[in-house]
Amino acid sequence: MIEMKNVSKWYGTFCVLNKCSTSVAKGEVVVVCGPSGSGKSTLIKCINGLEPFQEGSITFNDISVGDAKTNLSKLRSRIGMVFQNFELFPHISVIKNIMLGQEKVLGRTTEEAEKRGMELLHRVGLSEHAHKFPGQLSGGQQQRVAIARGLAMDPVAMLFDEPTSALDPEMINEVLDVMVELAKEGMTMMVVTHEMGFAKNVADRVIFMDEGRIEEDCTKEEFFSESRGERAQLFLSKILHH
Amino acid sequence: MFSDFDFDVVINAIPFLWEGMQLTFLLTFLAITGGLFLGVLLALSRLSHIKVLSFAAGSYVNFFRSMPLILVIFWFYFLVPFIVGRPVGGFYSVLVAFTLFEAAYYCEIMRAGIQSVRISQVQAGQAIGLSYSQNMRYIVLPQAFRNMTPILLTQAVILFQDTSLVYVVGLHDFLVNAEIVATRENRLIELFSTVAVVYFVLCLSFSLSIRKLQKRFSI
């Protein structure tokens, strides 16, 4: 579904992504991890064209993301995205956040959009908060709304950019639960996260990045066995031994 | 000595002064509306990736911000009839001058407002598939307007005061009408004190209501 070939990106002379190649098949759950500044977020944002890249190619269902002729808005509407800091729209209510894309991009009527929005809010357990503003919700609740907003577009894949790293510890699980459920339903997912429990639980593959390179790209069984590379081992020993 | 003051002159002149005030209000309102509209377009051009557009908008802003307002008013008073080929009267030439002048300031306020919206909000809009114009309309501008409302309204207060400059082209606004009465009745102190009080009360109460609004709409 997602094919990435030799993608490189520079900020000035600083190389953020260095010849990254990987792929995500339909229904696969891929976890991307690595130390901060290793290019994980940049990598995932390249997939839906939020970040431009200078070399290589990314295709999503055979549509080239880097091609200037590609209708990026249309492509993005089919890929849900969840951000580290939720990025709900603060000036409109929770339900309006979920309805906006449905109405303006998919052309659904207000009734359809609201119905679908309420279904999804119910699903993430927040239907009673529909008419509140995002600022009135806790971080965990906001992130669940953000997931619902992504799902409202009926995406064929979901991208998660560190969805739990801005959350207080007690709220992490409520977000992970929603994600685990999604993964079990067969949603294609690419998740940048340090939650190794999530990776062990539902990931099919794990990608480990360091200094803009994909250092490991293997099944989770291989990744969590002892056969992985030195840097990945060092990284895991740092985040797991607390 | 205060017994020499005759405030009946002021009371008798109220209808005449109100006539002038209406012009002041009308001019302020129209110039704000026009200036805002043009200001948004200028700000979007200035932030545009199209070099020609951002350069043109930048030059416009720098040009008008380097000119004294009174000069711009004079200039348009003589220029606009020359361009349209017939006299247009003081009101329209002044309206054009105010609108174009204010647009330069509104552009800068708006540009700061747009830039105050975090890039990640823009990305969130893009991520659900909004086009550039949809993103501007539904995500960026509503938030930008909230952030810049206090400065926009402050600028409106300044404009309200600046409209008194229309005396240079012979328009009868509040201040000019007051001056007419003052010289006719030889009651300068009464009239000009009244004018000062009116400007002060209007501007202050407007500023105070801005502060209230700001508290209510902050997110």
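Below, read A as the first sequence line, B as the second, and so on, with proteins coming before strands; counting in each chain starts at 1. In this text, all values refer to a predicted model and were calculated from it rather than measured experimentally.
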Flag this pair as yes if the NZ/CZ of B:Arg65 is under 6.0 angstrom from the six-membered ring centre of B:Tyr60 and inside a 45 degree cone about the axis; otherwise no.
no

Interatomic distance, B:Asp173 atom CG to B:Leu26 atom CG [nearest 0.5 angstrom]:
12.0 Å

Any chance the rings of A:Phe89 and B:Tyr138 have centres within less than 6.0 Å?
no

Centroid separation under 6.0 Å, is that true for the rings of B:Tyr106 and B:Phe37?
no

Residue part contacting chain B, namely of A:Lys74, when any heavy atom lies under 4.5 Å:
neither

Any idea which of A:Leu75, A:Asn48, A:Leu88, A:Asn85 has the most non-hydrogen atom pairs under 4.5 angstrom with chain B?
A:Leu88

Yes or no on salt bridge (Lys or Arg N to Asp or Glu O under 4.0 Å) for A:Arg116 and A:Glu112, after CA distance, side-chain angles and deciding distance?
CA-CA 6 Å; A:Arg116 180 83 179 113; A:Glu112 286 171 337; over 6 Å; no

Counting only non-hydrogen atoms closer than 4.5 Å, does B:Gln121 touch chain A with its backbone (N, CA, C, O), its side chain (CB onward), both, or neither?
both

With only heavy atoms counted, which part of A:Glu51 is less than 4.5 Å from chain B, the side chain, the backbone, both or neither?
side chain

Heavy-atom pairs under 4.5 Å with chain B, option from A:Gly101, A:Ser73, A:Gly80, A:Ala146 with the top count
A:Ser73

